[in-house]
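Proteins get letters first, then strands, A, B, ... in listed order; numbering begins at 1 in each.
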Amino acid sequence: MSYYDIDAILTDAEKVPCKFELDIPELGYLDNNPAQPLKSGTTVGLPLWLAELLALANRAPSSADEEAKSFVSLNLPPSLSNEVMSALKADPRAVPLRDQSHNFYGLGTRMLDLFEEKEICAILRRTFVTRAADIALHAGKAGATDDMGIGGGEEFLRGLEEWERKLFKKAHDGAKGSKEWMEGVKKHRR
Amino acid sequence: MALSLPSGLVPTEVAFLCEMEMITIVPRQRLESIPMLSGKTPALRPPRRADLPLWLALLLKKQRRANIVPPPWLLPASLQEIVHLETNYDPEAFSPPPPPPMRSDGRGVARPYATTTRSGNEDKELILAPPFLPSCTQDAPSGYLPYHWLEIAETLLAHAADDIPNAPEVRALLRDLQEVRAAKMRASTRHLEGGGGVLNIRGVGAMELAESRGFVLGVVDGVRKLGASAEAGRREELERGDDEDESDDDMGL
Amino acid sequence: MYGDLGNKLVQQAKRTQNLAHLPPYQTELVRAVTREVRDLDKDVSALLEPFQGSFHPTDDQAVACTLLVNHLSMRRNKRCLLAYHHTRTDRVEELVWKGYDVVDLAGQQVRDGSGNTSSASSTTNGNGSMSNLSPQEEDYVRQYSDLLAAYKGQWTDIDLTGSLEPPRDLFIDVRVLKDAGEIQTEYGQFYVRQGDVERLIAQGYLQKLS
Amino acid sequence: MDIDDILREVDPASQSIPAETRDLQALTRAWVSERSSPELLQYVHILPYPPIAPTTPVLTRRFPSVYSWPADGLFERINDRIKQQIERVEEMTGDMDPKTNFALIVIQTELERFKYLVRSYLRARIAKVFEKSIAATADLRARLSETEQAYATRHQALLHNHYLSSFLSAFPPTLQNLNDTAGNISMIETPDLDTAVFIRLLKETLVEGHGTDMDDDMDGKSGDIVILRWSDAKSLVDSGHAEVV
């Protein structure tokens, strides 16, 4: 991951559910309630940049026989819920991923780092590759006709999350570059 | 940011590279040797043929100072053979690239085209590859598409169509080739999901590569990132397996 | 919440990546995020004060957690600010490579019609004219231009800032249509350097042959 | 037929490739590699060592001693030749003989091609220097030419000063550095060495690649074009068994 990468930073702002494991007087504002202490057991949606390290930081055990615990325990975000996974399993193309999260796969890889979820991992990979084939088709067409808007191109782009948009752009630029070169050569024909 | 180009050569750069391919010409005028940066050009004496880099051959052609001898693989019969190969032989693989050109070392041994270089005290061989192999000269084999096939063919059709026998048929055969090979390129993405470590696409051409590079590598990298946790888990298990094997050995001792 | 303003900056940076021009510098937003960092730092000092330098995370886990949250928020804001500025300097450098100098860049307005001409958020530079660059960015352009000039000087024959399009058609065939003074009509057809005759072609003296 | 031509045609060994041509081959390969690899490459690892050939031009040839950029001399050599060729063009320009004129067209066209190659190569390197704050690590610094090193250092200082004057100096002192590696993200950027690349095999060789579900190996033939991770390709490229395409 790159420190200055804008997409990585935006992915870091995606929220995940966190359950606090202790009372914290100063942090009521995280639950939109600055006047009150944040109670143990409260679940708050926190951005990854905060959630991940709060979950990973071991607070020191208060007595010798107590095990080290985290400040918060994490849960999977709604975009990786069972419902979404079932829908993707049924038909990867039918889900507008961008509505789930602008950084759907970015968030997914971060969560897979934290949770051992083999099935989610497999579903995400299959989804990515299946949809990539679709992206290649649309982008190739758009690149060769030099038109993004026609044939539902814009509509198609709207449903793509960030990784997919980048992939679309690469496929589009490749098709366009090769077409432009070809036309440039042919212009010289007598 | 000093460079706003994507990683990997784009089509215009590939075309530039292809212009370094050697091609055979028949001079129509005498021309003395020219001291170029990359070495002296051969003196041109009509009708003796000579091999020159494509960009220079085109310059001579445009000035009607020379005609171009199309490479044997670009003749209709050869292209028909390749179309047949592409469609009937293997539905997935590209037709094979030309065999590496060899030449005699004067002592009875056939050797690949290479340059000997020296680093420190040892001689090191630099094996040549396109565009520095004679894969588009009159001596090139027919029935094989070289790495820069599409760029060479299109460029020659654009600037030297009158030197190519039956140019309309050549054009039509090239369209067929482009189509059947594009389908193969698309199909190769199916193998990318597999998550293996090596994928061989022998026979692919430079322009085909330039067009698909960003997308193909994007998919490979995406699959890797999505599978990173699974891969790490697999490696841990492997290591643990190795450790167990070792401890078994220890017990055996 | 802490970090929300920083996020706005990063969204600005994301937008900048997709624009042809450089949008106005977000002076107010940068100031606000910087202020947030200072406030968080003060909070840390205030939280630690009662402990007189002998704070043990074990003894007070709620404080330890609050400190961690503050610390992470500061680091997050730092990353957002750096990424925002980094994206802009990246773009500025690209423009300097293309030959723009500080006068071009500082005088640059939001030119394209689609972009909102948000002159309200533009900064006013020393001369009173509106600029999309911050005064610090203007300095940066000057220093970077000097650096680039020094580096370029090592490769005088190459013209390092020249085109990255592969050269083609350096010379072209032209047909002379009317007498253009120095070019005589004696031969009727010439092979000349394209760059040298572009104007004559545009003016109709010469015709380019394919 | 000129005797030179006859000699060239019967000359058995590869040495018949003139030194100048070999330099173009080396430069071209360096350019393609640098344009196609995810990380800044250490050196132009093809090192033409010109024997005295009949085509030896009237140039002072500097023999390479160290095997790294730019000490191998390739760029100095090419730069020198470009300079001389420009001088030649200037001399020839006065001569209006149509025959000379065509030679001039050829020479100038080739000159532009060389200038473009060197320019694109250097720009591809500089872009990588800027993207990744290479000045920060000694290993990466060692891959730069002296000029590039000076440039990288100065650039890093300019950037840091710019950040300081824009906002960073208002931060608590401990947060003013740009080399923080604490937490789960390092500020020092490194290229992703597992990025996939295309390589062409130049010799028969075993190709091993790490994959997500399994690690593969393959008996590679000369001319194979293979997709694999850069981390797996690098050793093949360094040893001359493969080139990046």
Q) Who among C:N7, C:L82, C:T87 has the most heavy-atom pairs with chain A under 4.5 Å? A) C:L82

**Q.** Aromatic contact, C:H85 with C:Y140 (centres under 6.0 Å)
**A.** no

Q | side-chain contact (heavy atoms from CB on, under 4.5 Å) involving A:C18 - partner list, sequence neighbours excluded | A | A:V16, A:L46, A:A51, A:V72, A:L74

Q) Which region of C:L68, side chain (C-beta onward) or backbone (N, CA, C, O), has a non-hydrogen atom less than 4.5 Å from a non-hydrogen atom of chain A, or is it both or neither? A) side chain

(Q) I'd like to know if A:E162 pairs up with A:R98 as an ion pair, taking the criterion as any Lys NZ or Arg NE/NH1/NH2 lying under 4.0 Å from an Asp or Glu carboxylate oxygen. (A) yes

Q.
Between A:L30, A:I24, A:I9, A:L50, who has the most heavy-atom pairs with chain C when the cutoff is under 4.5 Å?
A. A:I9

(Q) What part of A:D7 gets within 4.5 angstrom of chain C, counting heavy atoms only: side chain, backbone, both, or neither? (A) side chain

Q) Of all of C:R75, C:H56, C:Q11, C:K78, which one pairs up most often with chain A through heavy atoms under 4.5 Å apart? A) C:K78

Q | Set of side-chain contact (heavy atoms from CB on, under 4.5 Å) partners for C:D146, sequence neighbours left out | A | none

Q.
Using the ring centroid of each side chain, check whether A:F20 and A:F71 are separated by less than 6.0 Å.
A. no

Q | Residue part contacting chain C, namely of A:P47, when any heavy atom lies under 4.5 Å | A | side chain

(Q) Under a 4.5 Å cutoff for heavy-atom pairs, which residue among C:A62, C:C65, C:A83 has the most contacts with chain A? (A) C:C65

Q.
Cation-pi check for C:Y25 against C:R88: NZ or CZ below 6.0 Å from the six-membered ring centre and within 45 degrees of the axis, yes or no?
A. no

